[in-house]
Amino acid sequence: MAEKYLVGIDMGTGSVRVGIYQLDGHEVGFAVTEYKTYYERPGWAEQKPEDWWNCLQHSMKKALAKSGVDKKDIIALGYDVTSCSVLLCKKDGTPLRDCLLWMDVRSYKEAEQIRDTNDPALKFNGFGNVSAEWMPCKALWLKKNEPENYHKADVVCECADWVTYKLTGRWTINMSNVSIRWYYDKFNGGFPRSLYSAIGLEDVLDKFPTELHDLGDNLGTLSPEAAEFLGLSADTIVAQGGPDAVIGCFGLGVISPGKIALITGSSHLILGQTDVYKYTKNGMFGPYPGCLRKEYGMIEGGQTSSGSIVSWYKNNFCQDLKDKEGGIYGELNREAAKIAPGSDGLLVLDWWQGNRTPYTDGGIRGNIYGLSLNHTQAHLFRAVMEGVAYGTENVFQSFRDAGYEVAEIYMGGGTTNSDLFMQIHADVSNVVVNVPEDSQSCALGSAILAAVGAGVYKTFEEAVEHMVRYSKRIEPIPENHEVYKQYFAQYRKAYGQFGDWMRETTAIGK
């Protein structure tokens with residue numbers, strides 16, 4: 001009998017990654033295809049759904065070719081995508097406009113309107129500011145500013161729902177997206193009609209797909225059209241997918257209380273599981289019931305910009321290093337490692353696209369303080385990484401304030417490609433960083449969904465036990481932490497002292 005395989009699709013902010021895995025989680029083929037994000041105005045970010053689909057085809061065929069696997073031996077696939085990336089569609093899946101990408105914060109005024117309702121559902125964002133990233137904010141902006149498109153839409157959905165339709169021909173929503181970004185509360189009647197009515201958006205509830213699934217549910221097999229397009233068998237089972245960082249928790253093995261996941265990439269997302277449903281006002285989001293697994297709620301914090309700031313810096317200011325050994329990142333990492341913690345007085349505020357938590361403010365922007373004539377490319381590179389790590393520590397502090405211990409973290413994604421960046425995180429937060437053998441935690445997490453959806457493993461615990469392994473353990477350096485404590489204290493002061501000024505200045509450029 002031929003060996004069987006699983007496919008994990010990771011449709012991130014900048015590219016779609018496809019991994020082909022043995023049933024024990026070992027990767028046998030992997031491919032990446034990039035697509036473009038359009039930044040028409042400050043705070044805006046859009047993508048073209050057709051790019052996702054075409055790039056998925058390219059990555060799938062390339063991964064298949066690398067693996068040498070026969071398509072008939074692939075028993076199931078799972079997928080993760082960005083959240084909350086909002087689409088207006090016809091019933092046949094045709095988008096009426098480009099997607100408002102998750103990082104798009106143009107709807108910050110709508111977020112303020114939702115905040116001012118004081119609806120009980122706002123417990124999920126800590127009874128405070130509402131993130132402009134979330135579904136009701138974006139949907140309300142579209143209704144106000146593009147009423148023709150909004151009213152023509154048969155379906156208002158996320159990227160995950162559109163991808164599900166393209167794969168299976170079925171419109172579904174998943175418990176993860178709706179609980180983490182749409183205010184769905186499975187313990188209290190589902191969607192909060194009081195909230196949607198208060199903002200004049202009750203009609204959107206009739207445009208949401210109605211078929212609701214948990215992550216990993218078996219959705220049947222690929223449609224014939226999707227199978228042919230992707231070069232797969234029409235017998236391939238499709239497991240319900242959802243948000244990339246949430247599904248990355250499976251790939252990191254963070255599926256029960258007591259562990260904290262740090263999913264890195266264009267953004268950072270910090271996630272943990274809990275069986276205690278306690279809602280606070282300290283800047284932490286959640287717990288979201290049933291977000292990852294039926295048994296638990298999920299707590300959340302995050303940074304809208306992290307790896308995307310590193311990429312921004314590299315792409316705009318460091319192209320002269322492209323011929324160095326290891327490329328631009330290789331040279332920058334080598335030189336930045338020679339610089340002492342604190343980057344000789346530089347302090348970066350990581351709010352290029354606003355702040356997700358703990359401030360939940362789409363009206364503030366990034367800042368670099370302390371520039372002097374002795375600073376180099378490497379200083380700025382290190383300072384950007386340190387600024388991102390300060391933002392992460394700020395989220396950890398909100399977790400600690402709510403009673404959740406953060407002493408060890410499990411890290412996946414792009415940051416794991418840099419030993420320096422991981423060490424900075426360990427030193428700033430004084431935590432141990434555990435790194436899985438497979439750094440593509442989201443793609444592996446999607447393959448774990450496929451494994452459970454197809455019945456290869458009966459439970460997520462069993463799947464994780466067989467498919468997740470760890471390769472690195474990074475300890476914090478005490479003397480570095482002592483230096484970073486001083487810089488982080490200054491980072492913490494910035495929002496309270498300059499937040500109003502930032503919002504006023506940001507408004508001028510709108």
Side-chain angles (χ1 to χ4, degrees), residues 10-17 31-48 51-52 55 59 80-83 85 99 101-105 133 244-245 248 262-269 302-324 326-337 343 346 348-356 365-368 376-392 411-425 439-443:
D10 174 23
M11 193 173 286
T13 301
S15 63
V16 56
R17 295 168 283 276
V32 182
T33 308
E34 295 184 351
Y35 36 68
K36 188 175 180 180
T37 302
Y38 300 86
Y39 304 98
E40 184 179 335
R41 295 176 61 180
W44 292 30
E46 297 188 7
Q47 289 183 346
K48 297 182 180 298
D51 289 348
W52 303 334
C55 290
S59 286
D80 66 81
V81 302
T82 60
S83 174
S85 296
C99 172
L101 193 61
W102 64 270
M103 67 167 67
D104 190 300
V105 291
E133 298 172 40
D244 48 6
L262 174 55
I263 315 291
T264 70
S266 297
S267 65
H268 274 26
L269 200 60
Q303 296 159 263
T304 306
S305 305
S306 57
S308 54
I309 308 176
V310 178
S311 297
W312 167 86
Y313 179 66
K314 181 205 75 165
N315 294 336
N316 287 286
F317 305 106
C318 304
Q319 291 303 304
D320 59 307
L321 304 178
K322 62 184 178 182
D323 295 327
K324 297 289 187 178
I328 297 173
Y329 280 136
E331 178 69 7
L332 287 172
N333 272 278
R334 279 192 297 274
E335 292 302 310
S343 301
L346 290 179
V348 168
L349 305 178
D350 57 311
W351 307 327
W352 263 239
Q353 293 284 122
N355 175 269
R356 182 182 295 160
R365 292 293 178 266
N367 193 13
I368 303 172
T376 65
Q377 281 176 313
H379 280 93
L380 281 163
F381 182 69
R382 182 176 184 118
V384 165
M385 291 192 291
E386 289 173 340
V388 170
Y390 298 145
T392 305
M411 180 184 289
T415 298
T416 62
N417 294 320
S418 169
D419 287 342
L420 176 60
F421 205 175
M422 290 191 290
Q423 187 66 59
I424 288 172
H425 272 294
S439 64
Q440 297 292 339
S441 56
C442 294

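Scope of the values below: all heavy atoms of this structure, side chains included, with no hydrogens, waters or symmetry mates.
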#### Entry: CZ-CD distance between Phe381 and Glu331, expressed to the nearest 0.5 angstrom
11.0 Å

### Task
Check step by step if side chain to side chain contact (heavy atoms under 4.5 Å, CB included) holds for Ser306 and Asp350.
CA-CA 7 Å; Ser306 57; Asp350 57 311; over 6 Å; no

### Query
Counting N and O atoms only, with roles assigned by atom type, does the side chain of Ser59 sit under 3.5 Å from a partner on the main chain of Val16, one being a donor and the other an acceptor?
yes

### Query
Distance from Thr33 atom OG1 to Asp51 atom CG, nearest 0.5 Å?
11.5 Å

### Query
Tell me, do Thr304 and Arg356 make a side-chain contact under 4.5 Å, heavy atoms counted?
yes

### Query
If we only count heavy atoms from C-beta on, is the Arg382 to Ile424 side-chain gap below 4.5 Å?
yes

### Ala45 to Asp104 - nearest heavy-atom pair and separation
N-OD2, 2.9 Å

### Query
Does a donor on one side chain sit under 3.5 Å from an acceptor on the other, for Thr37 and Gln47?
yes

### Message
When you compare the side chain of Leu321 with that of Lys314, does any pair of heavy atoms fall below 4.5 Å?
### Response
no

### Query
Going by heavy atoms in the side chains, are Met11 and Tyr35 under 4.5 Å from each other?
yes

### Task
Calculate, to the nearest 0.5 Å, the distance between atoms NE2 and CD1 belonging to His379 and Ile368 respectively.
13.5 Å

### Message
Between Asp320 and Gln377, is the side chain to side chain contact (heavy atoms under 4.5 Å, CB included) condition met? List the steps.
### Response
CA-CA 11 Å; Asp320 59 307; Gln377 281 176 313; 3.0 Å; yes

### Query
Heavy atoms, side chains only, cut-off 4.5 Å: are Cys318 and Tyr313 in contact?
yes

### Query
Does the side chain to side chain contact (heavy atoms under 4.5 Å, CB included) test come out yes or no for Ser305 and Met103, once each step is laid out?
CA-CA 8 Å; Ser305 305; Met103 67 167 67; over 6 Å; no

#### Entry: Check against side chain to side chain contact (heavy atoms under 4.5 Å, CB included), Val310 and Tyr329
CA-CA 10 Å; Val310 178; Tyr329 280 136; 3.6 Å; yes

#### Entry: Thr264 backbone acceptor or donor facing Thr415 side chain under 3.5 Å
no

### Message
Cation-pi check for Tyr38 against Lys48: NZ or CZ below 6.0 Å from the six-membered ring centre and within 45 degrees of the axis, yes or no?
### Response
yes

### Task
Could you grab the distance from atom CG of Asp244 to atom CG of Leu269, nearest 0.5 Å is fine?
8.0 Å

### Query
If only atom types and distance count, is the side chain of Ser311 paired as donor or acceptor with the main-chain N or O of Gly307 below 3.5 Å?
yes

### Query
Under 4.5 Å between any side-chain heavy atoms of Trp351 and Asn367, yes or no?
no

### Query
Is there a side-chain contact between Met385 and Leu420 (heavy atoms, below 4.5 Å)?
yes

### Message
Just to verify, what does Asn333 make a side-chain hydrogen bond (donor to acceptor under 3.5 Å, both in side chains) with, not counting sequence neighbours?
### Response
Ser418

### Query
Do the non-hydrogen side-chain atoms of Thr82 and Leu101 ever get within less than 4.5 Å of each other?
yes

### Task
Determine the minimum heavy-atom distance between Thr392 and His268, stating which atoms define it.
OG1-CD2, 3.3 Å

### Query
Say you draw a straight line from CH2 of Trp102 to CD of Gln353; how long is it, rounded to the nearest 0.5 Å?
7.5 Å

## Note on the structure
Of all heavy-atom pairs linking Ser441 and Gly412, the shortest is OG-CA, 3.7 Å

### Query
Can you tell me if Ser308 and Ser266 form a side-chain donor-acceptor pair at under 3.5 Å?
no

### Summary
Here the gap from Asn355 atom CG to Arg365 atom CZ, rounded to the nearest 0.5 Å, amounts to 11.0 Å

### Query
Does Arg17 use its side chain to pair, donor to acceptor, with the backbone of Val32 at less than 3.5 Å?
no

### Message
For Trp312 and Trp352, take the angle between the two ring planes, folded into 0 to 90°, and tell me which bin it lands in: parallel under 30, tilted 30 to 60, perpendicular over 60.
### Response
perpendicular

### Query
Hey, does the side chain of Gln303 reach the backbone of Ser267 with a donor-acceptor pair shorter than 3.5 angstrom?
no

### Contacts of type ring-ring contact (aromatic ring centres under 6.0 Å, His included), residue Tyr390, not counting sequence neighbours
Tyr491

